[in-house]
Amino acid sequence: QVQLVESGGGLVQAGGSLRLSCAATGRTFSTYALGWFRQAPGKAREFVAAISRSGISTNYADSVKGRFTISRDNAKNTVYLQMNSLKPEDTAVYSCATGGSVWSTTDYSRWGQGTQVTVSS
């Protein structure tokens, strides 16, 4: 089974950047689409971005298009989320998850524990 561990969160000022990483164990990493989600206090978890097994196709929530970039390195069993031009409303716990399709925003099964991102104004 795949296990996921996120890192790279922290406190950043509005307009700044952070790069999140999600490292996976297991030999089947390249067989999964991967997604990033976030959950702010008192709010439901929301889809942020996804990437296909090969890394060729990507999918983004409208709220992050043009600011966030998802990528993956199958040789390192790692998926990344580069976040630029951060806004206070991006503050949330960010989690990665394995999925079946880059075009799905709901069909995800295995989840990491999450990493906190806080954007100050």
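Keep in mind that the numbers below use all heavy atoms, side chains included, and drop hydrogens, waters and symmetry copies.
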Are [X] and [Y] joined in one hydrophobic group, where the rule is that I, L, V, M, F, W and Y side chains link up if heavy atoms are under 4.5 Å apart?
| X | Y | answer |
| --- | --- | --- |
| Val64 | Val117 | yes |
| Leu20 | Trp111 | no |
| Leu34 | Val2 | no |
| Tyr108 | Val102 | no |
| Leu18 | Val5 | no |

Worksheet item: Is the ring centre of Trp36 less than 6.0 Å from the ring centre of Phe68?
Response: no
Worksheet item: Do Asp90 and Lys87 sit within salt-bridge range, that is, some charged N less than 4.0 Å from a carboxylate O?
Response: no
Ignoring hydrogens, what is the shortest heavy-atom contact between [X] and [Y]? Give both atom names and the distance.
| X | Y | result |
| --- | --- | --- |
| Gly100 | Ala33 | C-CB, 4.1 Å |
| Ser17 | Gln82 | CB-NE2, 4.0 Å |
| Gly114 | Val93 | CA-CG1, 3.9 Å |

Would you say the side-chain atoms of [X] pair up with the backbone N or O of [Y], donor to acceptor, closer than 3.5 Å?
| X | Y | answer |
| --- | --- | --- |
| Asn77 | Gly26 | yes |
| Thr91 | Val119 | yes |
| Gln39 | Ala92 | no |
| Asn84 | Thr69 | no |
| Gln13 | Ser120 | no |

Worksheet item: If you count the non-hydrogen atoms of other residues, nucleotides and ligands that lie under 6.0 Å from CD in Gln116, is the total more than 12?
Response: yes
Rounded to the nearest 0.5 Å, what's the gap from [atom1] on [X] to [atom2] on [Y]? Could you check?
| X | Y | atom1 | atom2 | value |
| --- | --- | --- | --- | --- |
| Ser57 | Ile70 | OG | CD1 | 11.5 Å |
| Tyr60 | Lys65 | OH | NZ | 10.5 Å |
| Arg67 | Met83 | CZ | CE | 9.5 Å |

I'd like to check [X] versus [Y] (side-chain heavy atoms, cut-off strictly below 4.5 Å). Are they in contact?
| X | Y | answer |
| --- | --- | --- |
| Gln3 | Arg110 | no |
| Arg38 | Leu81 | no |
| Asp73 | Tyr80 | yes |

Item to complete: Report yes or no: is the cationic atom of Arg72 (NZ for Lys, CZ for Arg) under 6.0 Å from the centre of the six-membered ring of Tyr32, at an angle within 45° of the ring normal?
Response: no
Worksheet entry | Donor + acceptor pair across side chains of Thr98, Ser109 (<3.5 Å) | yes
Worksheet item: side-chain contact (heavy atoms from CB on, under 4.5 Å) with Cys96: which of Thr115, Leu4, Thr78, Val48?
Response: Leu4
